[in-house]
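Working notes, structure below.
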Amino acid sequence: MESALHGRTALVTGVSRRKGIGYAVAVRLAELGASVFIQHFAPHDDEQPWGGDDLDAVRTGIRSALTEGAVFGDVSADLAGPDAAAAVVRAAVGLTGRVDILVANHARSGGDGSIFDMTADMLDGHWQVNARSTLLLTRAFAEQFGDAARPDAAGADAAGAAPTDAAVAAPTPRRPGERGDLPAAAIDEFATGRVIWLTSGQIHGPMPGEVAYAASKAVLAGLTPTVASELLVRGIILNTVNPGPVNTGYLDPETTDRPLDGMLEYLRTLPFGRFGEPTDPARLIGWLCTTEARWLVGQVLTSDGGFSLAN
């Protein structure tokens with residue numbers, strides 16, 4: 001298991017804090033043997049109650065987890081921009097020549113409220129970062145991945161390299177309900193690309209005061225089966241993870257963005273007596289990226305230590 005991702009390259013977005021889920025995921029994928037490229041945008045964290053982190057320390061921590069032969073790279077990018085997603089994927093491809101794994105961990109925090117606080121700008125801001133950029137990242141990832149997982153792939157060379165841009169014809173726009181062409185031969189299940197989206201707990205209960213955030217994350221949960229079906233014919237497996245309540249600093253008294261009254265009493269009602277830690281969802285995401293998880297496709301998985309059962 002510890003070399004399960006040897007020779008593969010992973011792009012993880014939203015990796016700017018050592019307390020974050022993205023950092024834990026990047027470290028776990030590095031431990032599993034992958035080369036790792038990360039996207040970060042420190043100005044977003046600087047505006048939050050928990051603040052930013054030392055990016056050099058973030059880089060050092062991930063590099064220290066790399067296995068022999070693996071490499072690391074990173075880029076700063078504001079994913080609210082319409083062209084940012086494609087630029088991030090291009091930068092990641094430059095690390096080793098192709099990206100095999102995409103973990104869309106990034107999210108916009110803050111600037112939210114109840115339904116009575118909503119404005120077009122608030123909704124658009126969360127949509128642009130949390131939903132739109134994830135979809136555009138996924139498209140760019142899938143296009144660079146090509147048809148390498150299909151043994152009959154037209155335009156792929158003997159080594160399985162994806163066809164060049166010039167060899168790929170512009171796709172015909174698909175009509176509603178129209179499915180893509182099925183592969184002429186079975187997909188090589190051991191050569192599939194992996195995409196992991198992160199959603200939130202809005203499917204298990206209310207998230208008061210987080211309407212814009214919950215709405216943008218609900219898009220990903222709701223779209224998972226549709227996009228997974230379209231990616232699968234290209235040899236790419238998509239699953240979505242709801243990490244549950246993970247303390248990335250927002251549940252610490254000195255850096256919280258919400259009232260914590262009665263928190264100790266509340267913790268006693270949880271099955272394990274604690275909130276999640278970033279390494280909890282990271283273990284699941286790491287496994288989802290290995291061939292051990294190749295039979296799991298198009299699912300929304302909750303990793304919350306029984307939180308949704310106790311509430």
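- In terms of hydrophobic clustering, with Ile, Leu, Val, Met, Phe, Trp and Tyr side chains grouped at heavy-atom distances under 4.5 Å, L288 and V15 are assigned to a common cluster.
- N130 and A107 get closest at one heavy-atom pair: OD1-CA, 3.2 Å.
- Between N105 and T13, the side chains place no donor N or O within less than 3.5 Å of an acceptor N or O (distance only, hydrogens not considered).
- For the atom pair R17 CZ and Q48 CD, the distance stands at 9.0 Å (nearest 0.5 Å).
- Counting only distance, with no hydrogens or angles, the side chain of S114 and the backbone of F116 share a donor-acceptor pair below 3.5 Å.
- Here the shortest heavy-atom pairing between V27 and G61 reads CG2-O, 4.3 Å.
- Judged by distance alone, the side chains of T67 and H6 never bring a donor and an acceptor atom under 3.5 Å apart.
- Annotation: side chain to side chain donor-acceptor pair (under 3.5 Å) contacts of H126 (sequence neighbours excluded): none.
- Not counting sequence neighbours, the partners of R294 by the side chain to side chain donor-acceptor pair (under 3.5 Å) test are E189.
- Rounding to the nearest 0.5 Å gives a distance of 9.0 Å between CD of Q144 and CG of L102.
- No chain of hydrophobic side-chain contacts below 4.5 Å, direct or via other Ile, Leu, Val, Met, Phe, Trp or Tyr residues, connects W127 to M207.
- L220 and L11 end up in the same hydrophobic cluster when Ile, Leu, Val, Met, Phe, Trp and Tyr side chains are linked at under 4.5 Å.
- Tracing side-chain contacts under 4.5 Å through hydrophobic residues (I, L, V, M, F, W, Y), one reaches V12 starting from L284; they form part of the same cluster.
- The hydrophobic cluster containing V129 does not contain L198, counting ILVMFWY residues as joined when their side-chain heavy atoms lie under 4.5 angstrom apart, directly or transitively.
- In terms of heavy atoms, N242 sits closest to S200 at OD1-C, 3.3 Å.
- Hydrophobic cluster membership of F190, counting Ile, Leu, Val, Met, Phe, Trp and Tyr whose side-chain heavy atoms lie under 4.5 Å apart directly or via other members: none, as it forms a cluster of its own.
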Show me the donor-acceptor pairs within less than 3.5 Å that the side chains of residues 68-79 make with the rest of the protein, sequence neighbours left out.
residue: D74; atom: OD1; partner: R59; partner atom: NE; Å: 3.4
residue: D74; atom: OD2; partner: H40; partner atom: NE2; Å: 2.7
residue: D74; atom: OD2; partner: R59; partner atom: NE; Å: 3.0
residue: D74; atom: OD2; partner: R59; partner atom: NH2; Å: 3.1
residue: D78; atom: OD1; partner: A80; partner atom: N; Å: 3.0

>> What verdict does the side chain to side chain contact (heavy atoms under 4.5 Å, CB included) test give for S133 and H106, after you've listed the backbone C-alpha separation in whole Å, the side-chain angles of each residue and the deciding distance to 0.1 Å?
In response: CA-CA 9 Å; S133 71; H106 64 282; 2.7 Å; yes
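- Rounding to the nearest 0.5 Å gives a distance of 10.5 Å between OG1 of T224 and CG of L231.
- The side chain to side chain donor-acceptor pair (under 3.5 Å) search around D112 returns none, not counting sequence neighbours.
- For R63, there are no side chain to side chain donor-acceptor pair (under 3.5 Å) partners at least two apart in sequence or on another chain.
- Between atom CZ of residue R28 and atom OH of residue Y23 there is a gap of 14.0 Å, rounded to the nearest 0.5 Å.
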